[in-house]
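What you see below is based on every heavy atom in this structure, not just the backbone, and it leaves out hydrogens, waters and symmetry mates. What you are looking at is a predicted structure, and each value in this text was computed from that prediction instead of being measured.
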Amino acid sequence: MSIVLRPISPAAAARLRAALPPEDVVVAPDHPTEFSAGIARRVGTGAALGPFFLHRAVDDVVVGEIGGGFVAPGVVEIGYAIVPSCWGCGYATDGVRAVLDRARAVDAIERVVAHTPLDRPASGRVLEKAGFRCTGEEDDEHEGAVIRVRAWELPIQDGAAT
């Protein structure tokens, strides 16, 4: 695996919320991602699926974030972002697969969902590689704005994807 998931520390989350670089990890030069401040607000909620920093395995540099949380009984939504300088390196795919491994270990999770902006087809390919199927398009809220997205889902049953 090209990445390692590590929980985002409360100190790093506070710095990200203040638009400052974290001091307890080394980040890629083009960090933060567009997801950094939002995911930092979820630190400390005790969620089984993060949020996590995505550390590049070869040098331990943070190249993005990933996390998930319940949006309905049995349903978890995940989100992820990779710094642009590391797009196309497989880090998002490995991160999604690692989060799915964690999801399969949580009995209460029956289905994982995700949304990808229409203008980012590579994000959809990440989910396809991880076994998700596209269920259509819908409107979604992102940072206070409504955007058109593709909806994705992956059923989780008996510890395996179906």
Are R102 and F52 side-chain neighbours, meaning at least one heavy-atom pair lies under 4.5 Å?
yes
L100 side chain near V112 side chain, heavy-atom distance below 4.5 Å
yes
Atom pair CZ (R6) and CG (D24), whose distance is rounded to the nearest 0.5 Å
11.5 Å
For A103 versus L49, what's the shortest heavy-atom pair and its separation?
N-CD2, 3.6 Å
Is it the case that one hydrophobic cluster holds both Y91 and V25, taking links as side-chain heavy atoms less than 4.5 Å apart, direct or via other members?
no
Atom pair CZ/CD1 of F53 and I39 - distance to nearest 0.5 Å:
9.0 Å
Pairwise side-chain contact, P51 with E65, heavy-atom cut-off 4.5 Å (strictly under)
no
Looking at E34 and R120, does any basic side-chain N land under 4.0 Å from a carboxylate oxygen?
yes
Hey, could you give me the CD1/CZ distance between I156 and R111, rounded to the nearest 0.5 Å?
11.0 Å
Verify same cluster id: L5, L16 (apolar side-chain graph, 4.5 Å)
no
Could you report the tightest heavy-atom contact between D139 and V146, atom names first, then the distance?
CB-CG1, 3.7 Å
Any chance you could lay out the side-chain contact (heavy atoms from CB on, under 4.5 Å) test for V75 and F70, step after step, and finish with the verdict?
CA-CA 6 Å; V75 181; F70 281 96; 5.9 Å; no
Is the number of heavy atoms from other residues, nucleotides or ligands under 6.0 Å of D107 CG greater than 12?
no
So, the side chain of R150 versus the backbone of G124: is there a donor-acceptor pair under 3.5 Å, distance only?
no
Dump the intermediate steps for side-chain contact (heavy atoms from CB on, under 4.5 Å) on V63 and H55, then the final yes or no.
CA-CA 6 Å; V63 297; H55 288 257; over 6 Å; no
Side chains of V113 and F132 in contact at under 4.5 Å (non-hydrogen atoms)
no
Going by atom types alone, do E137 and H115 pair a side-chain donor with an acceptor below 3.5 Å?
no
So, W152 and T116: side-chain donor and acceptor under 3.5 Å apart, yes or no?
yes
Is R15 reaching over with its side chain to a backbone N or O of P21, donor-acceptor style, under 3.5 angstrom?
yes
Taking every non-hydrogen atom, the tightest pair across A48 and V106:
CB-CG2, 3.9 Å
Hey, does the side chain of D140 reach the backbone of I147 with a donor-acceptor pair shorter than 3.5 angstrom?
no
What are the two closest heavy atoms between A40 and R17, and how far apart are they?
O-NH1, 3.2 Å
Nearest 0.5 Å, please: how far is CG in L127 from CZ in R133?
13.0 Å
Using side-chain heavy atoms (C-beta onward) and a distance below 4.5 Å, is T33 in contact with I82?
no
Using side-chain heavy atoms (C-beta onward) and a distance below 4.5 Å, is C89 in contact with R56?
no
Can a donor-acceptor pair be found, under 3.5 Å and without considering hydrogens, that links the side chain of Y80 to the backbone of S123?
yes
Which heavy atom in P32 sits nearest to a heavy atom in S36, and how many Å separate them?
CB-OG, 3.3 Å
Where the side chain of D94 meets the backbone of S2, is there a donor-acceptor pair that is under 3.5 Å apart?
yes
Pick from V62, V58, L54: which one makes a side chain to side chain contact (heavy atoms under 4.5 Å, CB included) with I3?
L54
Do P155 and E110 have side-chain heavy atoms sitting under 4.5 Å apart?
no
Side chains of I66 and V96, heavy atoms from C-beta outward: is any pair under 4.5 Å?
yes
Measure across R42 and G68 and return the closest heavy-atom pair with its distance rounded to 0.1 Å.
NH2-O, 3.8 Å
